[in-house]
Amino acid sequence: MHEVRTWVAAWQKIPMAWAGLLLIGLMVFLGVWAPWLAPYDPDATGGPPLSPPTAQHWLGTNALGQDVYSQLLFSCRTSLLVGLSVGTGATLLGFVVGAAAGYYPRVLGVVLMRLVDVLMTVPRLPLIVLLAVFLGPSLFNVILVLIFLSWPGIARTIRSYVLSLRERDYLKFVRFAGGGFIYVLRRHLLAELLPLLIAKVVSTASYGIAAEAGLSFLGLGDPTTKSWGMMIRGALNYPGILWTPAWTWWFLPPAVAVSLAILGFTLTGYALEESLTSRNKEVDHEDRAPHFEGERA
Amino acid sequence: MLDYLARRAATYLLVLVAALLINFFLPRALPGSPLEDLSSGVGSLAVAPDPATLEALKRYYGLDQPLPRQFLQYLQGLARGDLGFSISYKAPVAKVIWQRIPWTLLLTFSAALLSCLLAVILGTRAALGRMREAAVLLPAVVLDSMPPFVLGSFLLIFLGVKLALFPIGGAYTAFANLAGWEKAVDVLRHAVLPVLALSAHGFFGAYLLVRNSVRLVKDEPYVLLAEVKGLPRHVIHYRYILRMALLPVVTFFSLRVAYALGGAVLVEVLFAYPGLGRLTYEAVLNHDYPLLQGVFFVFTLWVLAVNFLTDLLYLKLDPRIKEV
């Protein structure tokens, strides 16, 4: 608990973290309340086509007369869902696999790390494109594919931490007392690595949001769910849009929104990782001071 | 050292096998079939070929064979350098891919070079305390947060459409029949916007890498010794610190070159740039199995080759690995 507190304290000193948290908070608010905040059904085509922003349509309408502001809110919901699911899913999977590989380094660890090496070497985006086409366009499949391709890097990091953690005296003692892998994973590794895991959730979420936007931009996303990437695709595919003012209310809002969303998660993730390294420095420093290893347990 | 190389080679071999399996089985599991395309036409002109013709076509392309047999034929073809015949381009896959490779190489090499060069200059200055870091950090984070295709759209709108400084699509001016110097300038002008969009994305990672690496190296005892010896500052900076600090950048650069190939898909689609990325996209849209297989095979070979070259280069640059 003490460690978590110093970690939070270190983190608060970084101004970027506040900007990042603010952006994430805004995104969560807009995403969660989208159905109540949106003045129109995002699919309804009732409005005048390509109308500039008016009192009725705050951000104007697209070529089909759909309300851009409402679409923006529902897309925020989608991005938030994809980002958090991919971040959490990939981190959990990477944590369990990495911990297993670090805990059983001889056979299981070697096999798992070989798998990680292979998955990390295969060119990522082409494989995502292929898998997205293969599995069919649904949000669930997009999330699955992105989790499948983002866990290996996390597993590798976790493994190196667990390799050193398992040599700590208190964990040797727990093992000697009969604590199995699942017990150690839940009771000790999770607590030790929680700050690192949170940082990984946040940075993987920003990757998930960017990848989903890219897939929708290629037309490989879920056509039944609103998404910033799909809005950008629709706007840029409209003939001649860049020579009319329409791009300022049709293209600009989703482009700025997706950039801000990724920025929010990137800033927070960057701040988290910086504070982790500063925390580790303190721990290293403590380690050099003469004390019994066993004290920490 | 040989042990290290052998281990790496074993991984690459596994990747190759995995890629071959994915390459072959995944496109075959895709919904739709290349022959379905034949029975759809434009409006009232739709023509449905009779079943006998479809059967003959299936036989001609070997699509009636059992899967293991098709796989064997695929491997035999690969061994001969034959990647199959593209259904949508009506040309050998190897030839279609070969025409696209130079364009993607131009984009990825220029983008990786640009972002690494800037990162080395700014990262070194920041680590040695000769520059306020905040001036770089925030713009770099913001640019890094924009997906390349979003940044690309902004570049396209402002530099391409509003200011009309650069062409907004394609790799060269069609039907212009330019030659020599004029043609080179034309090609470069077309590459500017996609390269900018791609390089902004890699910059932040490279910058952090250089900065942290220089910070680590500059406190090494051998740097202190050089200072005590009274060597001039630029000699210490460039010959002593930078030389060691650049080792990770070599890996970073080659990783960018290797993987930007895939990352270029979105940017190439945005700028209608005739590279491998756009070819992948077209192949997926057209359900062109042989072309998809071919593109993925080339992608994987490329990644593996760059990785292996990096391993070799690293051995040369950092003799300490040899002792491991």
Side-chain angles (χ1 to χ4, degrees), chain A residues 15-16 19-20 23 113-136 206 209-215 217-220 228-229 232-233 235-236 241-243 247-248 251-252 254-256 258-267 270 273 277, chain B residues 7-8 10-12 14-19 22-23 26-27 29-32 137-138 141-151 153-154 156-157 160-162 168 201 204 208 212 258-259 261-266 269-270 276-277 280-281 284-285 287 292 295-296 299-300 302-304 307:
Chain A
M16 271 188 178
L23 285 172
M113 281 308 110
R114 218 5 98 68
L115 181 68
V116 164
D117 283 343
V118 169
L119 278 176
M120 284 181 77
T121 312
V122 175
R124 209 178 197 185
L125 196 85
L127 190 57
I128 293 179
V129 169
L130 197 64
L131 286 173
V133 176
F134 160 59
L135 292 170
S206 99
I209 293 172
E212 190 276 334
L215 277 179
F217 173 71
L218 287 180
L220 295 172
W228 289 326
I232 295 174
R233 172 188 172 83
L236 289 183
I241 185 173
L242 299 180
W243 282 268
W247 67 271
T248 49
F251 162 79
L252 213 52
V256 170
V258 72
S259 307
L260 283 181
I262 299 169
L263 181 67
F265 279 95
T266 310
L267 283 179
Y270 176 76
E273 283 180 18
T277 45
Chain B
R7 219 170 44 233
R8 304 292 292 176
T11 304
Y12 298 148
L14 270 178
V15 173
L16 192 63
V17 171
I22 294 173
N23 264 356
L26 211 52
L30 291 182
L137 219 50
L138 201 63
V141 174
V142 171
L143 283 183
D144 197 65
S145 295
M146 292 175 138
F149 75 93
V150 173
L151 180 63
S153 328
F154 278 116
L156 189 148
I157 290 172
V161 175
K162 300 295 163 205
I168 59 169
H201 199 62
F204 186 51
L208 286 184
N212 295 344
Y259 291 96
L261 208 59
V265 173
L266 293 157
V269 170
L270 177 71
L276 271 187
T280 314
Y281 178 65
V284 168
L285 287 187
H287 293 307
L292 254 188
V295 171
F296 274 78
F299 265 130
T300 313
W302 169 249
V303 166
L304 294 182
N307 270 310

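In terms of non-hydrogen atom pairs under 4.5 Å with chain A, the most contact-rich of T300(B), T280(B), I157(B) is I157(B). Most heavy-atom pairs under 4.5 Å with chain A: of the set A10(B), A18(B), S145(B), this distinction falls to S145(B). For the set P147(B), A19(B), S153(B), the count of heavy-atom pairs under 4.5 angstrom toward chain A peaks at S153(B). In terms of heavy-atom pairs under 4.5 Å with chain A, the best-connected choice from V161(B), V142(B), V17(B) is V161(B). Of the listed residues (F204(B), F149(B), Y12(B), F154(B)), the one with the most heavy-atom contacts under 4.5 Å to chain A is F149(B).
Contacts of D117(A) classified as salt bridge (Lys or Arg N to Asp or Glu O under 4.0 Å), with partners at least two apart in sequence or in another chain: R156(A). For Y281(B), the ring pair (Phe, Tyr, Trp, His ring centres under 6.0 Å) criterion is met by no residue, not counting sequence neighbours.
Neither the backbone nor the side chain of L16(B) comes within less than 4.5 Å of any heavy atom of chain A. Only the side chain of L156(B) comes within contact range of chain A, with at least one heavy atom under 4.5 Å from a heavy atom of that chain. Interface remark: F265(A) contributes no atoms to any contact with chain B (heavy atom separation under 4.5 Å). Using a 4.5 Å cut-off between heavy atoms, V303(B) contacts chain A through its side chain alone, with no backbone atom that close. Contact of M113(A) with chain B is not made at all, since no heavy-atom distance falls under 4.5 Å. Proximity to chain A (any heavy atom under 4.5 Å) is restricted, for V269(B), to the side chain, taken from C-beta onward. In this structure, the portion of I232(A) lying under 4.5 Å from any heavy atom of chain B is its side chain and not its backbone. Interface remark: L236(A) contributes side-chain atoms only to the contact with chain B (heavy atom separation under 4.5 Å). Only the side chain of I168(B) comes within less than 4.5 Å of a heavy atom in chain A; its backbone stays farther off. Only the side chain of T266(A) comes within less than 4.5 Å of a heavy atom of chain B; its backbone N, CA, C and O stay farther away. No part of I209(A) comes within reach of chain B, as not one of its non-hydrogen atoms sits under 4.5 angstrom from that chain.
At a threshold of 4.5 Å between non-hydrogen side-chain atoms, the residues L270(B) and F217(A) count as touching.
For the atom pair CH2 (W247(A)) and NZ (K162(B)), the distance works out to 5.5 Å, reported to the nearest 0.5 Å. Here the straight-line distance linking atom CG of L14(B) with atom CZ of R114(A) works out to 6.0 Å at 0.5 Å rounding. Between atom CG of residue D144(B) and atom OG of residue S259(A) there is a gap of 11.5 Å, rounded to the nearest 0.5 Å. Atom CG of residue N307(B) and atom CE of residue M120(A) lie 10.5 Å apart, to the nearest 0.5 angstrom. Atoms OG1 and CG, on T121(A) and L304(B) in that order, are 7.0 Å from each other to the nearest 0.5 Å.
Contact record, V141(B) with L263(A): CG1-CD1, 3.6 Å, taken as the closest heavy-atom pair.
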